[in-house]
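All remarks here apply to the structure that follows.
Only this structure's heavy atoms are used, side chains among them; waters, hydrogens and symmetry mates stay out. A note on names: the letters A, B, ... follow the listed sequences, proteins ahead of strands, and every chain is numbered from 1.
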Number of protein chains: 2
Amino acid sequence: MNRSSSDPGGPIRQANRELILGAAEKVFARAGFNGATMAAIAEAAGLPKANLHYYFGNKQELYREVLAGTLHDWLVPMDGITPEADPRSAIEQYVRAKMAMSAARPDASRVFANELLHGAPVLGDLVHGELRTMVKRKAAVIDGWIAAGRMTAVDSIHLFFTIWAATQTYADFDVQVRAVLGRSRLTARDHQRAADHVVSMILRGCGL
Amino acid sequence: MNRSSSDPGGPIRQANRELILGAAEKVFARAGFNGATMAAIAEAAGLPKANLHYYFGNKQELYREVLAGTLHDWLVPMDGITPEADPRSAIEQYVRAKMAMSAARPDASRVFANELLHGAPVLGDLVHGELRTMVKRKAAVIDGWIAAGRMTAVDSIHLFFTIWAATQTYADFDVQVRAVLGRSRLTARDHQRAADHVVSMILRGCGL
DNA sequence: GTCTATAAGTTGATAGAC
DNA sequence: GTCTATCAACTTATAGAC
């Protein structure tokens with residue numbers, strides 16, 4: 001009996017899905033949803049086009065899975081923001097985690113940015129749900145720190161917008177960063193300098 | 001004699017170009033370069049499709065003109081950053097000008113963001129040229145303020161990246177902002193609150 | 001300068017052999 | 001589960017009448 005066709009979680013299926021998702025992230029990042037073609041993603045994955053439809057049904061479903069994975073990864077580092085934590089080190093660690101993600105997987109950030117830019121037609125539900133819930137919870141923690149006099153009064157929700165913007169700009173708009181800095185490629189040293197800058201701006205902004 | 005066909009700067013031509021550029025900004029912002037169709041832009045402008053080709057030749061040229069106009073508008077408010085200016089009020093005014101632009105013409109910001117996101121294939125030259133030159137000049141002014149002890153030492157070039165990111169996020173990712181805040185539309189009050197937040201974060205970040 | 005009709009090319013998706 | 005061949009739909013761009 002052919003096990004694979006009856007086992008939706010089998011190892012072949014799993015491996016091929018990962019392969020396709022990685023290729024899709026790259027192609028969607030470079031070309032956007034409409035600019036990306038199933039043919040280009042198939043080529044990047046080294047598989048025939050029909051296989052993408054076999055695993056993901058259609059283009060939008062593939063796109064949605066790329067986005068959902070990114071959102072999940074982004075929510076994880078918020079875990080360090082707890083009432084007991086030290087505000088200064090908790091915020092610094094969160095900002096550094098986001099900067100590291102921008103440097104390590106810029107394509108994931110770009111696909112997400114593109115989706116938001118066009119009104120989140122596919123990810124709308126998750127943004128209204130999981131993301132909003134998490135931010136409200138963590139903003140409450142920050143409000144607690146402020147009430148306890150542990151940091152300057154800032155708008156805690158807008159603080160997240162500022163942190164996301166300041167960190168993700170290095171992934172989303174890296175052409176602009178490279179053009180202005182006059183670099184053809186950002187080195188580890190450039191990323192270090194950028195991270196230190198953002199951390200110190202945000203911490204001073206929070207009076208920390 | 002039919003003057004309009006022999007006068008490339010005539011009033012009919014001018015008015016139609018403006019009409020088309022406005023419609024294009026809206027459609028490109030919502031759908032990206034590839035997602036936008038000439039048919040959709042024509043419909044938004046209330047003109048037949050062939051007229052767009054008559055005035056702009058092809059889709060990419062129309063797109064390029066939308067972008068070039070936006071970049072120009074964005075460079076203007078940097079004029080207030082001069083050696084003689086007061087650092088605090090000059091930076092505050094610049095940030096407020098950028099926040100006002102995000103609120104007033106979010107589509108312009110979105111088209112620009114989309115272009116950068118995909119590697120600036122069309123605007124590359126202008127980013128490497130005009131933008132880079134302007135930033136280097138203004139960063140030198142800020143370095144002068146720092147050397148004179150008029151503000152905290154920050155990386156002056158990265159400061160611009162942070163300001164652009166923090167301000168433009170309210171245009172580019174406004175769906176996210178609205179979703180997290182739980183608003184279907186941002187009011188003037190919301191924009192005021194956002195502007196005050198960003199201004200105070202940036203000024204404290206600069207030790208001002 | 002305006003507009004209809006259409007040519008030429010591209011793309012998402014599927015059928016069906018293996 | 002893999003892959004080739006192909007279709008149906010859509011899009012840019014232009015020709016040519018007005």
Legend entry - Gap between atoms CG and P, on B:L52 and C:dT2 respectively (whole Å): 11 Å
Legend entry - Set of ring pair (Phe, Tyr, Trp, His ring centres under 6.0 Å) partners for A:F173, sequence neighbours left out: none
Inset, instruction - Check the distance between C:dT2's P and B:L19's CG and give it to me in whole angstrom. - result: 11 Å
Inset, instruction - Write out all pairs satisfying salt bridge (Lys or Arg N to Asp or Glu O under 4.0 Å) with one or both partners inside residues 168-190 of chain A, taking only residues at least two apart or from two chains. - result: A:R110-A:D174, A:D174-A:R178, A:R183-A:D190
Inset, instruction - Please list residues of residues 29-37 of chain B whose heavy atoms come under 4.0 Å from any atom in DNA chain D, ordered by number; otherwise none. - result: B:A36, B:T37
Inset, instruction - In whole angstrom, give the distance that lies between atom CG of A:L47 and atom P of D:dT4. - result: 11 Å
Legend entry - Where protein sits on nucleotides 13-18 of chain D, one letter per nucleotide: B base, S sugar-phosphate only, - none, heavy atoms under 4.0 Å: BB----
Inset, instruction - Using a heavy-atom cut-off of under 4.0 Å over every strand shown, decide if B:Y55 touches base, sugar-phosphate, or nothing. - result: sugar-phosphate
Inset, instruction - Could you note down all residue pairs passing salt bridge (Lys or Arg N to Asp or Glu O under 4.0 Å) where residues 125-135 of chain B supplies at least one of them, sequence neighbours left out? - result: none
Inset, instruction - Let me know the distance between CD of B:E43 and P of C:dC3, rounded to the nearest Å. - result: 14 Å
Inset, instruction - Side-chain contact test, heavy atoms from C-beta onward, threshold under 4.5 Å: evaluate it for A:I20 versus A:L62 and give yes or no. - result: yes
Indicate every side-chain donor-acceptor pair of residues 24-32 of chain A with a distance under 3.5 Å to a residue at least two apart or in another chain.
{"from": "A:E25", "atom 1": "OE1", "to": "A:R105", "atom 2": "NH2", "distance (Å)": "2.8"}
{"from": "A:R30", "atom 1": "NH1", "to": "A:D107", "atom 2": "OD1", "distance (Å)": "3.2"}
{"from": "A:R30", "atom 1": "NH1", "to": "A:D107", "atom 2": "OD2", "distance (Å)": "3.3"}

Inset, instruction - Whole angstrom is fine here: how far is it from CG in A:N51 over to P in D:dC3? - result: 6 Å
Would you tabulate the side-chain donor-acceptor contacts of residues 43-50 of chain B under 3.5 Å, counting partners in other chains and residues two or more places apart, or write 'none'?
none

Inset, instruction - For A:E61, look at atom CD and say whether over 12 heavy atoms of other residues, nucleotides or ligands are found less than 6.0 Å away. - result: yes
Inset, instruction - Mind calculating the distance between CD1 (B:I20) and P (C:dC3) to the nearest angstrom? - result: 11 Å
Inset, instruction - Give every residue pair that meets the ring-ring contact (aromatic ring centres under 6.0 Å, His included) criterion with at least one member in residues 97-133 of chain B, sequence neighbours excluded. - result: B:W74-B:F112
Legend entry - Whole-Å distance separating the OH atom of A:Y54 from the P atom of C:dA13: 18 Å
Legend entry - Contacts of A:D196 that satisfy salt bridge (Lys or Arg N to Asp or Glu O under 4.0 Å) - sequence neighbours left out: A:R96
